[in-house]
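Report on one structure; see the data block that follows.
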Amino acid sequence: MTEQTVTAPDLGDLLAQAPSNWGKWGPDDEVGSLNYLGPEQAIAAAALVRSGKVFTLQRLIGDPKGDPVWPGRSPAVRTQIMDEASWDGAEAPQFPGGLHYADDKIDAFLQGSTQYDALGHVWYDGKLWNGYDARTTVGGMDVASVEPIAQRGVVGRGVLLDMARFRGKEHLDTAETFDHTDLEACAAAQGVELRPRDVLLIRTNYLQLFFELGDAFYEGFCEPGLQYSPELVQWFADREIPNLVTDTIANEVTTDQNNGVALTLHCALMRNLGVVFTEITDLEALAADCAADGVYEFMYTAAPLKIAQGSGAPVNPVVVK
Ligand code: UVW
């Protein structure tokens with residue numbers, strides 16, 4: 001990844017002609033393409049509930065098998081503060097009636113598990129989503145934090161695009177890429193129609209390798225995923241995609257295999273179009289169910305935790321079929 005970035009083009013140059021939604025929802029907007037989801041989309045999504053089957057998409061925080069995180073981040077550490085042993089000594093707190101209780105806390109990267117990124121999470125050329133100055137991130141996100149996304153919540157028609165199954169693989173491979181034409185072909189093979197304003201859920205099952213390989217997973221780290229092209233970005237813009245949800249750590253091929261740029265789509269989709277990213281989801285149970293009943297559309301709902309000035313926040317999205 002790092003060797004290629006030395007010769008990589010500048011994001012400002014690469015994306016100079018790329019579509020932008022800055023200003024589309026006013027100068028103060030902080031939720032971007034989530035504006036595409038309103039009451040009409042929520043009602044249509046609710047109409048997709050037929051079997052009543054419920055799927056939660058969050059990965060376990062504190063998984064005994066480990067928590068996959070972006071290199072440089074560390075998994076959450078949970079510390080037990082109070083438990084029955086707290087009442088072993090004479091100094092134990094006493095409550096009228098004899099109450100005992102358990103308490104704990106976590107020290108966690110807000111992007112260290114299944115999470116929503118704030119729209120201001122990434123930037124280049126000193127500007128965030130909607131043109132906000134990157135200095136507004138210093139010491140905490142003054143604008144385009146995760147809080148407005150959390151306040152609003154996300155409800156819409158979700159469509160699962162099972163790229164791993166479509167390619168006949170247990171999981172996609174390191175640095176394997178695909179684009180919007182592959183998403184369309186996958187949808188066609190699954191017999192599901194892609195509609196404007198869909199929440200797209202893309203399964204790679206790549207994180208299975210994290211659980212199989214342990215630390216070796218991070219050697220030559222390059223996740224599979226969508227790869228930048230002007231046509232792909234235009235496809236997202238034309239389809240008014242509000243939310244991109246994947247089961248990888250960063251929702252796109254880590255390093256563009258054509259030009260060496262890191263996380264181009266974070267910039268082209270999130271920063272420029274205001275597409276909201278949901279990462280590190282667990283799509284396995286949902287994908288198995290979709291493969292079994294052939295129904296790849298559903299009601300998708302999510303709301304990240306409300307964290308003031310957060311650049312992201314944990315979430316447990318809920319899908320109802
Ligand atoms: C980065 O953008 C670095 O990480 P992510 O979006 O995966 O949280």
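In what follows, residues are counted from 1 in the order of the sequence shown. Whatever order the structure lists them in is the order used to number ligands and atoms, beginning at 1.
- Close approach to I249 involves these atoms of ligand 1, each under 4.0 Å from a residue heavy atom: 7 (O).
- Taking every heavy atom of L263 and a limit of under 4.0 angstrom, the matching atoms of ligand 1 come to 1 (C), 2 (O), 3 (C).
- Contact atoms of ligand 1 toward Q115: 8 (O) (distance under 4.0 Å to a heavy atom of the residue).
- The environment of CG in D88 is crowded: more than 12 heavy-atom neighbours from other residues, nucleotides or ligands sit within 6.0 Å.
- There is no path of hydrophobic side-chain contacts, each under 4.5 Å, that joins V77 to L110.
- Each of the atoms 5 (P), 6 (O), 7 (O), 8 (O) of ligand 1 lies under 4.0 Å from some heavy atom of E279.
- The aromatic rings of Y206 and H171 sit perpendicular, their planes meeting at an angle over 60°, well past the 30° parallel limit.
- Of all atoms in ligand 1, listed by their number and element, those nearer than 4.0 Å to a heavy atom of Q111 are 8 (O).
- Close N/O approach between R73 and ligand 1 is found [any backbone or side-chain N/O within under 3.5 Å].
- In this model, a donor atom of one side chain and an acceptor atom of the other lie less than 3.5 Å apart for N272 and Y124.
- Residue D117 approaches ligand 1 through these ligand atoms, each under 4.0 Å from one of its heavy atoms: 6 (O), 8 (O).
- Within ligand 1, the atoms closer than 4.0 Å to a non-hydrogen atom of H266 are 2 (O), 5 (P), 6 (O), numbered from 1 in the order shown.
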- prompt: Checking side-chain contact (heavy atoms from CB on, under 4.5 Å) for the pair D29/W129: CA distance, chi angles, key distance, verdict?
  reply: CA-CA 9 Å; D29 180 78; W129 159 248; 3.2 Å; yes

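- Summarising the local packing, CD of E84 is surrounded by more than 12 heavy atoms from other residues, nucleotides or ligands at distances under 6.0 Å.
- Shown in contact with A250 at under 4.0 Å from a heavy atom are these atoms of ligand 1, numbered in order with element: 7 (O).
- When non-hydrogen atoms are compared, ligand 1 lies under 4.0 Å from neither the backbone nor the side chain of N251.
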message: Pair W70, L263 - check side-chain contact (heavy atoms from CB on, under 4.5 Å), show working.
response: CA-CA 12 Å; W70 176 257; L263 301 187; 3.8 Å; yes

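- Closest protein heavy atom to atom 1 (C) of ligand 1: H121 NE2, 3.4 Å.
- Under 3.5 Å, the side chains of E252 and H266 contain a donor-acceptor pair of N or O atoms.
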